[in-house]
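Data first, discussion second: the structure below is written as structure tokens.
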Amino acid sequence: MKKLNITWDGVFDSTGYLFSFAKALCCAVKNSPFSERAEEIVASSGFAFRMWVSRDLCPSATSIWQFDLQKSCVESGGIRCSYIERMWGQEDVEEKRRLEAMELIRKSIDNGIPAVSWDIGVCEWGLIIGYDDESQRLAVLPVTGQEEMMDYALLGKRELPILNVLTVEGRAEKNREDILRDALKTAKNHLLGNEWCDNASGLDAYPALIRHLEGEDAGSWNMEYFLGTYAPLKWYAWKFLENHGAQELAALYKSVYENWQKAFEGKKSLDLSFHENRQTIAELLRQAEAWEREAVERM
């Protein structure tokens with residue numbers, strides 16, 4: 001087996017629930033010759049600004065969006081990549097796409113970079129870190145952190161059977177000013193609800209999540225998952241804006257991050273059967289929403 005020595009060490013995740021595509025992308029870039037862009041790519045690609053909340057607070061809502069934006073968003077953020085997908089209703093190309101994905105995976109691992117892939121070990125994005133053509137098995141690193149083995153034949157055919165593989169290839173030729181400009185354009189487009197999604201997205205995710213907080217879902221693990229998924233993304237947005245000299249926006253996102261993080265910690269430490277505790281967390285999100293709406297006006 002050709003296998004890379006990869007862990008999640010060094011990837012910032014203040015809650016343990018960081019959006020798995022962003023976490024896997026950051027880790028792949030961190031373990032590449034372009035590691036200086038690992039934290040930046042989470043925001044420069046626009047993913048640090050994205051939110052989705054479903055009516056039933058199903059955790060899968062955090063991963064339901066227009067998947068084929070991955071390549072264009074990552075490349076807009078300054079990293080060249082290859083991407084392949086196979087969605088529902090595309091059974092006629094299932095094997096062809098799987099074989100094409102395997103070629104991308106082999107090439108990436110041969111270049112010393114793990115491949116980002118959907119549904120390996122757990123139904124989230126994770127990393128493929130090794131392959132063995134003789135045994136027809138992949139070494140995979142789910143976001144749970146426990147390295148596992150998976151048959152080639154299961155790629156794209158596990159719990160949620162779609163194929164989704166992205167590999168990092170190099171730096172895109174973009175200067176810092178253009179990266180910042182395009183990241184803010186992507187962020188604003190999402191936050192204003194201009195990207196496809198059946199669930200509440202962008203700024204509309206705030207009132208959707210607050211409604212759940214004020215109801216019987218407040219104490220559920222699902223609430224912890226949603227707060228934990230988006231809180232650390234705000235940190236990446238803050239640091240990106242700070243590093244690119246957008247100080248007013250950075251100050252707003254620093255406050256946004258701090259409130260989301262406090263909301264997450266409150267969910268874990270407070271008894272949400274009490275109305276006043278639910279209101280404490282809801283108020284943190286309302287203030288974060290106000291700051292983020294102000295940020296959108298400045299983008």
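As the structure is a computational prediction, the values presented were derived from the model and not from experiment. Quick note: residue numbers are just sequence positions, from 1.
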**Asked** Looking only at atom types and distance, does a side-chain atom of His212 sit under 3.5 Å from a main-chain N or O of Ser54, one as donor and one as acceptor?
**Response** yes
**Message:** Under a 3.5 Å cutoff, is there a donor and acceptor pairing between the side chains of Glu283 and Gln287?
**Reply:** no
**Item:** Pair Lys239 + Glu39: basic N to acidic O under 4.0 Å
**Value:** no
**Prompt:** How long is the span from the CD atom in Glu95 to the CG atom in Leu99, to the nearest 0.5 Å?
**Reply:** 4.5 Å
**Prompt:** Any donor-acceptor pair under 3.5 Å linking the side chain of Asn194 with the backbone of His190?
**Reply:** no
**Item:** Results of salt bridge (Lys or Arg N to Asp or Glu O under 4.0 Å) for Asp56 - residues two or more places apart only
**Value:** none
**Request:** Decide yes or no on side-chain contact (heavy atoms from CB on, under 4.5 Å) for Ile129 and Leu138, but give the supporting numbers first.
**Result:** CA-CA 8 Å; Ile129 60 175; Leu138 297 165; over 6 Å; no
**Asked** Arg278 side chain to Leu272 main-chain N or O, any donor-acceptor pair under 3.5 Å?
**Response** yes
**Request:** May I ask you to decide if Lys174's main-chain N or O and Asp178's side chain share a donor-acceptor pair within less than 3.5 Å?
**Result:** no
**Message:** Is it true that, when you exclude Glu216 itself, more than 12 heavy atoms of the residues, nucleotides or ligands shown sit nearer than 6.0 Å to its CD?
**Reply:** no
**Asked** Do NZ/NE/NH1/NH2 and the carboxylate oxygens of Lys268 and Glu224 come within less than 4.0 Å?
**Response** yes
**Request:** Keeping the roles fixed (side chain from Lys3, backbone from Ala139), state whether a donor-acceptor pair exists under 3.5 Å.
**Result:** no
**Item:** Crowding at CD, Gln279 (>12 non-hydrogen neighbours, <6.0 Å)
**Value:** yes
**Prompt:** Any donor and acceptor pair, going by atom type alone, linking the side chain of Tyr236 with main-chain N or O of Phe12 inside 3.5 Å?
**Reply:** yes
**Arg293 and Glu297 ion-paired at < 4.0 Å** = no
**Asked** Between the side chains of Gln70 and Asn164, is a donor N or O closer than 3.5 angstrom to an acceptor N or O?
**Response** yes
**Message:** Which residues pass the salt bridge (Lys or Arg N to Asp or Glu O under 4.0 Å) test with Lys185, not counting sequence neighbours?
**Reply:** none
**Request:** Give the ring-plane orientation class for His244 versus Phe240, where under 30° counts as parallel, over 60° as perpendicular and anything between as tilted.
**Result:** tilted
**Pairing of Glu94 and Arg98 as salt bridge, 4.0 angstrom limit** = no
**Prompt:** Taking the six-membered ring for Trp, is the centroid-to-centroid distance between Phe49 and Tyr230 below 6.0 Å?
**Reply:** no
**Asked** Do any N or O atoms from the side chain of Ser108 and from the backbone of Ile105 form a donor-acceptor pair under 3.5 angstrom?
**Response** no
**Prompt:** Can a salt bridge be assigned to the pair Asp132 and Lys2 using a cut-off of 4.0 Å between side-chain N and carboxylate O?
**Reply:** no
**Item:** Non-neighbouring partners of Ser60 that pass side chain to side chain contact (heavy atoms under 4.5 Å, CB included), sequence neighbours left out
**Value:** Cys58, Ile64
**Item:** With Phe67, the ring pair (Phe, Tyr, Trp, His ring centres under 6.0 Å) member among Phe21, Tyr83, Trp88, Trp125
**Value:** Trp125
**Asked** Is Lys71 salt-bridged to Glu75, going by a charged N under 4.0 Å from an acidic O?
**Response** yes
**Request:** For atom CD of Glu276, decide whether the heavy atoms of other residues, nucleotides or ligands shown that lie under 6.0 angstrom number more than 12.
**Result:** yes
**Message:** Do Tyr206 and Glu292 pair up side chain to side chain, a donor and an acceptor below 3.5 Å, judged on atom types alone?
**Reply:** yes
**Message:** Check the orientation of Tyr225 and Tyr17. Use parallel for under 30°, tilted for 30 to 60°, and perpendicular for over 60°.
**Reply:** perpendicular
**Message:** Tell me if the aromatic rings of Phe226 and Trp52 count as close, with their centers under 6.0 Å from one another.
**Reply:** no
**Prompt:** For Gln66, does the CD atom have more than 12 heavy-atom neighbours from other residues, nucleotides or ligands under 6.0 Å away?
**Reply:** yes
**Message:** With side chain to side chain contact (heavy atoms under 4.5 Å, CB included) as the test, pick out the partner of Ser82 among Leu166, Val165, Thr167.
**Reply:** Thr167
**Message:** So for atom CZ, which belongs to Arg55, do other residues, nucleotides or ligands contribute more than 12 heavy atoms lying within a distance under 6.0 Å?
**Reply:** no
**Asked** Is the NZ or CZ atom of Arg50 positioned over Phe47's six-membered ring, under 6.0 angstrom from the centre and within 45° of the axis?
**Response** yes
**Request:** May I ask you to decide whether Lys96 forms a salt bridge with Glu100, counting only side-chain N to carboxylate O separations under 4.0 Å?
**Result:** yes
**Message:** Could you check whether any side-chain N or O of Gln90 sits under 3.5 Å from a backbone N or O of Met87, counting only pairs where one atom can act as donor and the other as acceptor?
**Reply:** yes
